[in-house]
There are 2 protein chains.
Amino acid sequence: MSKAAATRLNILKKSFDLIYKKGYQATSIDDILSTMEVTKGAFFYHFKNKEEMGLALIREVMRPEMRDILFQPLTRAEDPLSEIYEMIGNLLQDQSFFDFRYGCPAINLIQEMAPTNEDFKKELTSLMKDWQGVVKNSLEKGIAMNKVHAGVDPAQASLFIISGYAGIRSMGKIFGPQMYSAYLKELKTYLDQLRSA
Amino acid sequence: MSKAAATRLNILKKSFDLIYKKGYQATSIDDILSTMEVTKGAFFYHFKNKEEMGLALIREVMRPEMRDILFQPLTRAEDPLSEIYEMIGNLLQDQSFFDFRYGCPAINLIQEMAPTNEDFKKELTSLMKDWQGVVKNSLEKGIAMNKVHAGVDPAQASLFIISGYAGIRSMGKIFGPQMYSAYLKELKTYLDQLRSA
DNA sequence: TGCAAAACATACTAACTGGTATCTTATGAG
DNA sequence: CTCATAAGATACCAGTTAGTATGTTTTGCA
């Protein structure tokens with residue numbers, strides 16, 4: 001990687017850290033620059049404006065990260081319901097990237113930016129659609145394998161699952177991480193209900 | 001109500017409208033004042049600072065509103081599971097206060113403010129604890145009435161229900177209101193599972 | 001009616017915001 | 001080596017922010 005590309009990626013990663021904790025709008029460009037050895041000139045050389053940086057952040061940092069953490073648990077495709085449970089469990093327990101106080105970066109951005117910025121909304125919608133699609137696919141395979149009840153509507157159930165995750169991430173901000181385990185227990189009983197008898 | 005009290009309440013209500021749509025931090029005091037016949041002098045006479053106004057907004061506008069919309073459907077206490085379903089359904093369908101594009105005011109504030117402002121967090125935690133408590137209570141009554149399965153953990157299930165609501169409000173911002181009905185269908189199947197056989 | 005306090009109005013400030021204009025330095029192809 | 005361009009640095013600007021200083025009007029009560 002060229003030095004310039006490294007600078008660019010560095011800006012994005014530092015931005016991600018700050019935006020994750022403070023929100024997009026509350027994080028100023030000066031905030032970002034003051035945490036690293038990069039000046040405003042460099043910032044605006046690499047990005048047309050703050051918004052372009054934000055969109056690049058979704059595409060170049062969040063998306064790849066998401067592929068690694070989320071999609072992988074579902075690739076085995078042996079027992080979809082257990083794999084979905086694992087996926088959510090991993091996600092909630094992952095302390096390396098996520099802090100319960102600050103919730104989930106993707107959900108945070110959706111909450112903050114989707115209503116007022118069409119470009120952010122599009123980028124984030126595509127992100128979440130992909131995730132829902134993977135879960136839905138997993139459920140469909142489960143039905144084909146006769147491990148998931150045939151009456152289950154994969155689109156409907158996958159929406160229920162990912163919005164459950166989004167919700168507990170919000171609730172975690174006020175109730176703390178002990179709610180994660182309570183949530184996971186109840187999620188398990190819900191998922192078990194989807195099993196074919 | 002005295003004229004002064006009316007002015008105060010008016011500031012709070014206009015603030016609520018704007019903060020609901022744009023967020024707390026993105027809504028400036030000047031924004032609020034420019035939508036009404038009130039000056040900065042009046043604002044800072046009634047509120048020590050922006051934060052005090054925000055906290056008053058939760059206490060004096062959101063809390064009472066919530067009591068009316070949320071608690072009432074559960075007071076009948078005849079068929080708790082149906083009443084819980086109605087409560088969420090009403091909430092999602094209520095177009096008079098809520099717009100799917102902007103989500104739920106309480107969830108929005110939690111998302112934005114809980115991580116960085118302890119006073120907001122406390123106020124909002126109490127708000128949501130109350131709501132969860134009412135749902136939990138309803139489930140407990142349901143168990144006593146033998147209408148809810150005895151194996152159900154009311155604390156756990158009520159958390160699952162309200163965080164599901166929080167989540168679909170976030171997802172609604174990107175996926176639109178047609179997701180509400182898909183969510184409600186799946187919520188129903190989940191709730192039916194809680195019924196005693 | 002008089003008048004103190006409550007309820008506002010106006011003008012201002014210091015700090016911060018995203019963004020730009022202009023300059024300097026580093027890099028890599030020929 | 002050389003020189004065009006990529007990459008980065010610095011100083012600045014116009015607009016916006018929460019909050020204040022200082023004034024005026026309105027209100028309720030003796």
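Lettering of chains follows the sequences in order, A, B, ..., and the numbering in each one begins at 1. All values below were derived from every heavy atom in this structure, side-chain atoms included, with hydrogens, water molecules and symmetry-related copies excluded. This structure is a prediction, so every number in the text was calculated from the model and none was measured.
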Item to check | Span of DNA chain C in contact with chain B (heavy atoms, under 4.0 Å) | outcome: C:dA6 to C:dT10
Next on the checklist: Listing request: all ring pair (Phe, Tyr, Trp, His ring centres under 6.0 Å) pairs with a residue in residues 128-153 of chain A, at least two apart in sequence or in separate chains.
Outcome noted: A:Trp131-A:Tyr165
Checklist entry - Please, which pairs that meet ring pair (Phe, Tyr, Trp, His ring centres under 6.0 Å) have at least one residue in residues 57-83 of chain A, sequence neighbours excluded? => result none
Next on the checklist: Can you measure A:Phe44 atom CZ to D:dA11 atom P for me and round it to whole angstrom units?
Outcome noted: 17 Å
Next on the checklist: Would you compute the distance between atom CE of A:Met53 and atom CD of A:Glu60 and round it to the nearest 0.5 angstrom?
Outcome noted: 11.5 Å
Next on the checklist: What residues from residues 45-54 of chain B pass a heavy-atom cutoff of under 4.0 Å to DNA chain C?
Outcome noted: B:Tyr45, B:His46
Checklist entry - Contacts to DNA chain C from residues 23-37 of chain B, heavy-atom cutoff under 4.0 Å, which residues? => result none
Checklist entry - Which pairs count as ring pair (Phe, Tyr, Trp, His ring centres under 6.0 Å) when at least one residue sits in residues 166-187 of chain A, sequence neighbours excluded? => result A:Tyr183-B:Phe160
Considering only distance and modelled atom types, tabulate donor-acceptor pairs under 3.5 Å from the side chains of residues 140-147 of chain A, sequence neighbours left out.
residue	atom	partner	partner atom	Å
A:Lys147	NZ	A:Glu78	O	3.3

Checklist entry - Among all residues two or more places apart in sequence or in another chain, which pass the side chain to side chain contact (heavy atoms under 4.5 Å, CB included) test with A:Ala6? => result A:Met1
Checklist entry - Got a second to check how far A:Glu86's CD is from A:Leu184's CG, nearest 0.5 Å? => result 11.5 Å
In a table with atom names and distances, give each donor-acceptor pair under 3.5 Å that connects a side chain of residues 35-47 of chain B to protein atoms at least two apart or in another chain.
residue	atom	partner	partner atom	Å
B:Thr35	OG1	B:Ile32	O	2.7
B:Lys40	NZ	B:Asp30	OD1	3.1

Checklist entry - Are any of the side-chain nitrogens in A:Asp99 or A:Lys21 under 4.0 Å away from the carboxylate oxygens of its partner? => result no
Atom pairs under 3.5 Å, N or O on each side, protein against nucleotides 21-29 of chain D: can you list them with distances?
none

Item to check | B:Phe98: ring-ring contact (aromatic ring centres under 6.0 Å, His included) partners, not counting sequence neighbours | outcome: none
Checklist entry - Do B:Leu159 and B:Gln156 have side chains that get closer than 4.5 Å, going by heavy atoms? => result no
Item to check | Partner set under ring-ring contact (aromatic ring centres under 6.0 Å, His included) for B:Tyr24, not counting sequence neighbours | outcome: B:Phe120
